Structures are given as C-alpha cells and as structure tokens.
Amino acid sequence: AMESSPNAKALIKHLKLEPHPEGGFFARTYDGGGRPKVPTEAGPRPPMTSIYYLLTQDSPIGHFHCNKSDILHFWQAGDPIQYYLIDPETRKLTEVTLGPDLAAGQQLQLAVSGGIWKASSLLDSSIKNNKGYGLISEAVSPGFEYADMTLGVALDLLSQFPEYKNLIPKLSGA
C-alpha cells in the first residue's frame, strides 16, 4: 500500500489516534462524562460515547462489523468515505457516501441503526486532488463497548448473504 499522506500522519499524531481492530485509526473523544449509565441487554453502558475515526491510504477499509448501538457518523475532513450497509432482516444493501460534495449526493451525516452490518472504504485514493485520508466522528448511543461489536468474518457473511459475494471478501476480515 502507498504511504499515508503527511496530512494523515500529522492527524494521527495530533489527534492521538491508534489502530482500530476493524481497520483505520481511532481515538475516543467522549466517554459519557460521568453521567449515570443506562441499562442495556448486555449490561450498563454510558448514555453516549464518541470517537474520531480515520481511514488512510495505508488502512483504507473499515471491515464489516455489526454494533448493538445506534451510531451517528459525521464527515469531518479529507476525502469522501463510502459506506456499505447490509440489513440482516431485509437483506438490502445500502451504499452511502459521506463527504462534502452535497451536489454530488454525498452526505455530511449518516445514522446507522444497531444490528446493521457496516463497512467503509476510502473513496478513490488515486484522484490527484485527494488528501489520502478521510476523517469522520462517530457518536454511539448507548455508549460503545467492544463486547457490543461483532467483527464480520468473510466466510460467515458469505454464507449469510451469498448475493453480495463480490463485495464481502473485499470488505471483511479473514
């Protein structure tokens, strides 16, 4: 893979980002502020948590995963990011691009309900005006815990959604 752009390296350093298990880089920016936890099926959680999430040319894919909580995504800087959402009940695939070009159909915000399979990828890292990274923020409610996230395994997802056999291997872990 190509080296991350200097901008990406500076952002990782400045925002104190670390590699994320699903791909990309992240830092938690809000952990509930000491407010009372809310009860969930999986146990008490903060009412909300928030992170920065960065995809770069070195780590351009957020692999398929599923969260129990609802997540709001806010585009912040850099290049557009393409989202791939699979609803396990309807089996419908939805593609959304987060980015600044509203006239081209990009969105600044994206809400993803708990239970939806989600993957993301940096859009067109070959375009010469691109920055080589895409930065978003996420707000998770109830707050994020790793126990509430399932990382997609390609073989499992393929057996569940064979109609997306061209997409799933590119956007899944082993």
Side-chain angles (χ1 to χ4, degrees), residues 1 3-86 88 94 96-100 106-123 125 130-153 157 171-174:
E3 269 298 293
S4 283
S5 66
N7 279 350
K9 284 198 170 63
L11 268 177
I12 289 167
K13 186 175 176 190
H14 184 77
L15 298 177
K16 300 179 175 63
L17 305 180
E18 296 170 15
H20 195 291
E22 79 201 25
F25 301 86
F26 83 108
R28 186 170 275 205
T29 56
Y30 179 73
D31 65 2
R35 293 178 181 273
K37 301 228 169 164
V38 296
T40 74
E41 288 172 16
R45 297 289 184 260
M48 188 181 80
T49 56
S50 181
I51 62 168
Y52 286 123
Y53 185 67
L54 180 76
L55 290 177
T56 69
Q57 289 175 355
D58 289 344
S59 190
I61 293 173
H63 293 99
F64 269 115
H65 61 286
C66 183
N67 288 288
K68 288 191 165 126
S69 294
D70 294 346
I71 303 185
L72 286 169
H73 307 72
F74 305 90
W75 185 84
Q76 303 258 243
D79 302 329
I81 296 176
Q82 183 80 12
Y83 280 81
Y84 305 87
L85 311 171
I86 300 176
T94 305
V96 176
T97 306
L98 276 191
Q106 296 175 7
Q107 298 177 198
L108 296 172
Q109 283 187 20
L110 169 65
V112 177
S113 300
I116 303 286
W117 285 99
K118 173 181 80 174
S120 56
S121 68
L122 202 55
L123 206 59
S125 55
N130 274 14
K131 306 256 194 312
Y133 68 85
L135 177 68
I136 65 156
S137 288
E138 295 183 8
V140 184
S141 176
F144 180 85
E145 291 283 347
Y146 279 105
D148 299 339
M149 178 178 89
T150 305
L151 270 175
V153 176
L157 288 173
L171 296 169
S172 302

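Here the structure is a predicted model, which is why all the values come from computation and not from measurement.
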Q: Apply side chain to side chain contact (heavy atoms under 4.5 Å, CB included) to the pair Ile81 and Leu123, showing each step before the final yes or no.
A: CA-CA 5 Å; Ile81 296 176; Leu123 206 59; over 6 Å; no
Q | Leu54 side chain near Leu135 side chain, heavy-atom distance below 4.5 Å | A | yes
(Q) Keeping Ser50 on the side-chain end and Tyr30 on the backbone end, is there a donor-acceptor pair under 3.5 Å? (A) no
Q.
In the structure I gave you, are the side-chain heavy atoms of Asp70 and Val112 within less than 4.5 Å of one another anywhere?
A. no
Q | Point-to-point distance, once rounded to the nearest 0.5 Å, from CD of Gln82 to CD1 of Ile61 | A | 12.0 Å
**Q.** Rounded distance (nearest 0.5 Å) linking atom CZ of Phe144 with atom CZ of Arg28
**A.** 7.0 Å
**Q.** Nearest heavy atoms of Ala27 and Lys16, plus distance in Å
**A.** CB-O, 3.6 Å
Q | Any side-chain heavy-atom pair of Arg45 and Asp148 under 4.5 Å | A | yes
Q: State, to 0.1 Å, how close Gly152 and Ser172 come at their nearest heavy-atom pair, and which atoms those are.
A: O-CB, 4.3 Å
Q: Looking only at non-hydrogen atoms, find the nearest pair between Ala139 and Met48 and report the distance.
A: CB-SD, 4.1 Å
**Q.** Pairwise side-chain contact, Pro60 with Leu55, heavy-atom cut-off 4.5 Å (strictly under)
**A.** no
Q. Ignoring hydrogens and geometry, is there a side-chain-to-backbone donor-acceptor pair from Ser69 to Pro142 under 3.5 Å?
A. yes
Q: Output the distance between atom OG (Ser59) and atom CD1 (Ile12), rounded to the nearest 0.5 Å.
A: 8.5 Å
Q. Between Val140 and Asn67, is any pair of side-chain heavy atoms under 4.5 Å apart?
A. no
Q | Worked check of side chain to side chain contact (heavy atoms under 4.5 Å, CB included) between Leu171 and Tyr84 | A | CA-CA 9 Å; Leu171 296 169; Tyr84 305 87; 3.5 Å; yes
Q. Can you list the steps and then say if Tyr83 with Thr94 is a side chain to side chain contact (heavy atoms under 4.5 Å, CB included)?
A. CA-CA 8 Å; Tyr83 280 81; Thr94 305; over 6 Å; no
**Q.** side chain to side chain contact (heavy atoms under 4.5 Å, CB included) assessment of Phe64 paired with Ile86
**A.** CA-CA 9 Å; Phe64 269 115; Ile86 300 176; 3.9 Å; yes
Q: Measure the OH-CD distance between Tyr133 and Gln76 for me, rounded to the nearest 0.5 Å.
A: 11.0 Å
Q: May I ask you to decide if the ring planes of Phe26 and His20 are parallel, tilted or perpendicular, using 30° and 60° as cut-offs?
A: perpendicular
Q.
Side chains of His65 and Lys118, heavy atoms from C-beta outward: is any pair under 4.5 Å?
A. yes
Q) So how far is it from Leu72 CG to Leu110 CG, rounded to the nearest 0.5 Å? A) 8.5 Å
Q) Do Gln107 and Trp75 have side chains that get closer than 4.5 Å, going by heavy atoms? A) no
Q: Test Lys131 against every option in Asn7, Leu11, Leu122 by the side chain to side chain contact (heavy atoms under 4.5 Å, CB included) rule and name the one that passes.
A: Asn7
Q | Distance, nearest 0.5 Å, that separates CD of Gln109 from CG of Leu98 | A | 9.0 Å
(Q) To check you understand the geometry: which heavy-atom pair defines the closest contact between Tyr52 and Ser137, and what is its length? (A) CD2-OG, 3.5 Å
(Q) Counting C-beta onward and ignoring hydrogens, is there a side-chain heavy-atom pair between Thr40 and Lys68 closer than 4.5 Å? (A) no
